[in-house]
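Protein chains get the first letters and strands the later ones, always in sequence-line order, with residue 1 at the start of each.
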Amino acid sequence: MAQYPFTDIEPKWQRYWLANETFRTPDEIDTSKPKFYVLDMFPYPSGSGLHVGHPEGYTATDITARYKRMRGFNVLHPMGWDAFGLPAEQYALQTGTHPAVTTQKNIDRFREQLQSLGFSYDWSREIATTDPEYYKWTQWIFLKLFEKGLAYEAEAPVNWCPALGTVLANEEVINGRSERGDHPVVRKPMRQWMLKITAYAEQLLDDLELVDWPESIKEMQRNWIGKSEGAEVDFAVEGLDETLRVYTTRPDTLFGATYMVVSPEHPLLDRLATDATRAEVEAYRETASHKSDMERTELAKGKSGVFTGSYAINPVNGQKIPVWTSDYVLISYGTGAIMAVPAHDDRDYEFAKTFDLPIVEVISGGNIEAEAFTGNGVLVNSANDEISLNGLEVAESKAKITAWLESKGLGQGKVNYKLRDWLFSRQRYWGEPFPILHVDGNPVPVPENELPLTPPVVDEYKPSPEGDPPFSRNAEWVNTTDPTTGKPARRETNTMPQWAGSCWYYLRYIDPKNDRAAIDPEKEKYWMPVDLYVGGAEHAVLHLLYARFWHKVLYDCGVVHTKEPFHRLVNQGMILGEVEINLFRDAEGRPVSESEARNDEEFTAERIPESEAVKKGDGFVWKQDESIRLRSRAHKMSKSRGNVINPDDVVKQYGADSLRLYEMFMGPLEQVKPWSMKGVEGVYRFLNKVWRLFENPLTDTECDPDQNRLVHATIKKVTEDIEGMRYNTAIASMMEFVNAATKWESLPRAAANPFVLLLSPFAPHMGEELWAKLGHAETLAYEPWPEYDESALLRDEVEILVQVTGKPKARIMASPTATQAELLTLAKAHPDVAAALEGKTIRKEIAVPGRLVNIVAT
RNA sequence: GCCCAGGUGGUGGAAUGGCAGACACACGGGACUUAAAAUCCCGAGCCGAAAGGCGUGCGGGUUCGACUCCCGCCCUGGGUACCA
């Protein structure tokens, strides 16, 4: 392949940009100019290095950053490292290497890789969450949360593995057993730090109105917060002087409650159990403790449960109803107890069917013999001596019964959220230490002037023999004195979760070296909010919700001046591995069709070359036996599958500009797309073609009208596509330009100059090199972006399609401004159209200027 | 299970109410070459010899006109609170 010399020009311009600090955003700037803060979700610097998924979003933001600079904006475009986390800690467990050492090595590798891709980051602002100068302020923010009563200690269930003596992440637990060693795991309550994110539930919900985010992400956040309006109702328990409080969103169905369910963790369960049922209840609770919330609420798995032996009294009709315990009721939502209305709730219905409990219809309109009816309807069977809901609809009934319950002191209207407080501590080594001392059993903040509080030196990175977190291995660090009272104190040995550092990093980039404050208020005022934030859709809920929460706390503390941190958000889609074609074989090695092999582990998938597959119908079949259907699919890149693409290899073979261009040309940024090395070759050919185009003689003559139209059409398309982040079609239009310009005898500078500027955000190395070749001495990074001239785009005549009753019959040439009447006259004059209309009656005439004519005739 | 997204040629995709398949990959043919690579030109949704017919996951609907809007389904992917 004829090559343009990317191996020379790419490192050359990377050195130039670094040496000249081309992309440094100075502290003192001309604030009369508009600003643009364009941010990437910073990576976790893993040991395996950069993945081709990283440069997808990074290239998109880099194009936008470069474009905005050329548009005269002050641009802030930083990069850093979300560097606390499990892998470095696990490596430390195995090898004894301090996680800081591993982390630094990985960061250096990541930085080098990113720099080899030509991103225009301001590297003078680089930050790492593991840097004491950074986490000093993470700890400072935690103290603010603590001061405001938003951080508290509580017992919360965790995945405890007795055999490993440690707490496991959900992903380390498979079917109730540990991933490492296959030991049993139980849900066990443990003392934890919690953050009261629920105090901000309403604001987190309302302020979604203020941001320009994809509607689907906002929807996911709304659902996650899960606001519901209902009522709390107290049920008396027979033989106990306690009441059982339930939360329900359907107080209107109260007359249809035929039993109750408490979650296995409910505090009253022990007292609800009778001597006759106690053993069974305890066994059930034990079983439930091995399941995750997700396993418990899966509808498909069927319902389990045990009768407690106790009865409750339905407050509206005095009816005695049994109290059960079942794991489909979660302790973490509502009150951990429900009234069950099987006629009008799918889960209760399934449970009632399973255990043969009565089903009483209270809303007409469905067929409760067959299924629960959850829709709107008219109330029936819902009256007592004092109140009747009969004849009312659902909404009215809710209001009426809630008012009645309140007047009787039996319950009250209640707003509830699915959102739970944030479990904020981890029993790990490699995280921010909590700046907290325990004095006389109470948590006390470490004074601000003692920050940063650094992790202790430990002999090993695993929990202590007693099962306490790793920090407790250093007794000297743990046992200290409270500087204010002089009393003996124990340091907190939990660490913060990885989320902590990523909750405010976007602020620190604005003022990364400040040692007196987390951020200077003047700088914050100029740069915030982030104008464009790009990252993976997998962060749609958690990271974005947590960061918004911290931002709102900082807003209330007067640290920031905007209610929301990220104005516009875009989620890039995942990049999958190359498409693979699989042939399935059964246990005896006989090939079988894909449909037979589905969901069965006895079958093995074998990767076969594309040439052995033939398209047939909807899918592919095996060339050697066309009755065997194959599976053609792209999979998530993973080490175990062996389909990971290393960006270094791509850069080596095709250059950074090709990688950048391909990542953008693959398809829309937001979409999931499979990788294809052939596709990389395609854009590489395009860059070679550009290179050859500039080997043509350059002329100072003006463009002819056709050339001029193409130049301006390309400027228009590329500009609008960058604004709309449609980078794939911007590249396609540049390809069209080059395809046409290659056929020109010579290249006018009036076309060459703007084209290089258009290309430069996408392929910056080639852009700079060609710009220099065109005789410019300075970098093009701050050249004004080309403007297009609408008048150059005008044509005298355009082709108009003429349809008769929707069928294309002819094409006519007409002025783009021709009126509807003119178009119809022209169309009818066309012989093919006239022939098609022969003997028919015209029913309707449609003419769209510049586009088409449709004459409906029968 | 629940929430969200996506299904268009052999492949990635384009067109967001107006000629489905821009641009690119792969493929076939040709030119150049001793040959290959690279490059250039031509072809191509499917069925059909052609006329023509059929085609945007499936089934309905709205409209002069639907990949695009509405209703119902199927399949695939992401998230599901200690992976980040």
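- In the interface, the side chain of Arg222(A) is not paired with the base of C3(B) through any donor and acceptor atom under 3.5 Å apart.
- A search for side-chain hydrogen bond (donor to acceptor under 3.5 Å, both in side chains) contacts involving Tyr506(A) returns His551(A), not counting sequence neighbours.
- Remark: Lys188(A) engages no residue in a side-chain hydrogen bond (donor to acceptor under 3.5 Å, both in side chains) (not counting sequence neighbours).
- Residues that satisfy the ring-ring contact (aromatic ring centres under 6.0 Å, His included) test with Phe434(A), not counting sequence neighbours, are Phe142(A), Trp193(A), Phe424(A).
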RNA chain B in dot-bracket form (Watson-Crick or G-U pairs under 3.5 Å, [ ] crossing, | inter-strand) is (((((((..(((.....[....))).(((((.......))))).(((....)))..(((((..]....))))))))))))....
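- Phe665(A) pairs by the ring-ring contact (aromatic ring centres under 6.0 Å, His included) definition with nothing, not counting sequence neighbours.
- Rounded to whole angstrom, the span from the CD1 atom of Ile225(A) across to the C1' atom of C3(B) amounts to 13 Å.
- Partners of Ser46(A) by side-chain hydrogen bond (donor to acceptor under 3.5 Å, both in side chains), not counting sequence neighbours, listed by chain and number: Ser48(A).
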Could you list the donor-acceptor pairs under 3.5 angstrom formed between side-chain atoms of residues 84-91 of chain A and any protein atom two or more places apart in sequence or on another chain?
| from | atom 1 | to | atom 2 | distance (Å) |
| --- | --- | --- | --- | --- |
| Glu89(A) | OE1 | Tyr429(A) | N | 3.2 |
| Glu89(A) | OE1 | Trp430(A) | N | 2.8 |
| Glu89(A) | OE2 | Tyr429(A) | N | 3.0 |
| Gln90(A) | NE2 | Glu172(A) | OE2 | 3.3 |

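- The CG-C1' distance, from Leu569(A) to C4(B), rounds to 14 Å in whole Å.
- Using a 4.0 Å heavy-atom criterion, one finds that Val158(A) contacts the bases of the nucleic acid, with or without backbone contacts as well.
- Take Leu542(A) and apply the side-chain contact (heavy atoms from CB on, under 4.5 Å) test, not counting sequence neighbours, and it matches Trp224(A), Trp499(A), Tyr546(A).
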Tabulate atom names and distances for all N/O pairs under 3.5 angstrom spanning the protein and nucleotides 64-68 of chain B.
| from | atom 1 | to | atom 2 | distance (Å) |
| --- | --- | --- | --- | --- |
| C64(B) | OP1 | Lys844(A) | NZ | 3.1 |
| C64(B) | O2 | Asn854(A) | ND2 | 2.6 |

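- Not a single donor-acceptor pair, N or O on each side, falls under 3.5 Å between the base of C82(B) and the side chain of Glu172(A).
- For a distance-only test at 3.5 Å, the side chain of Glu799(A) qualifies as a donor-acceptor partner of the base of C19(B).
- Shown here are the side-chain contact (heavy atoms from CB on, under 4.5 Å) partners of Glu56(A), two or more places apart in sequence or in another chain: Gln572(A), Ile575(A), Glu663(A), Met664(A), Leu669(A), Lys673(A).
- Side-chain contact annotation: Gln427(A) with Gln192(A), donor-acceptor N/O pair under 3.5 Å present.
- A search for ring-ring contact (aromatic ring centres under 6.0 Å, His included) contacts involving Phe686(A) returns nothing, not counting sequence neighbours.
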Show the distances under 3.5 angstrom between N or O atoms of the protein and N or O atoms of nucleotides 22-24 of chain B.
| from | atom 1 | to | atom 2 | distance (Å) |
| --- | --- | --- | --- | --- |
| A24(B) | OP1 | Asn739(A) | ND2 | 2.9 |

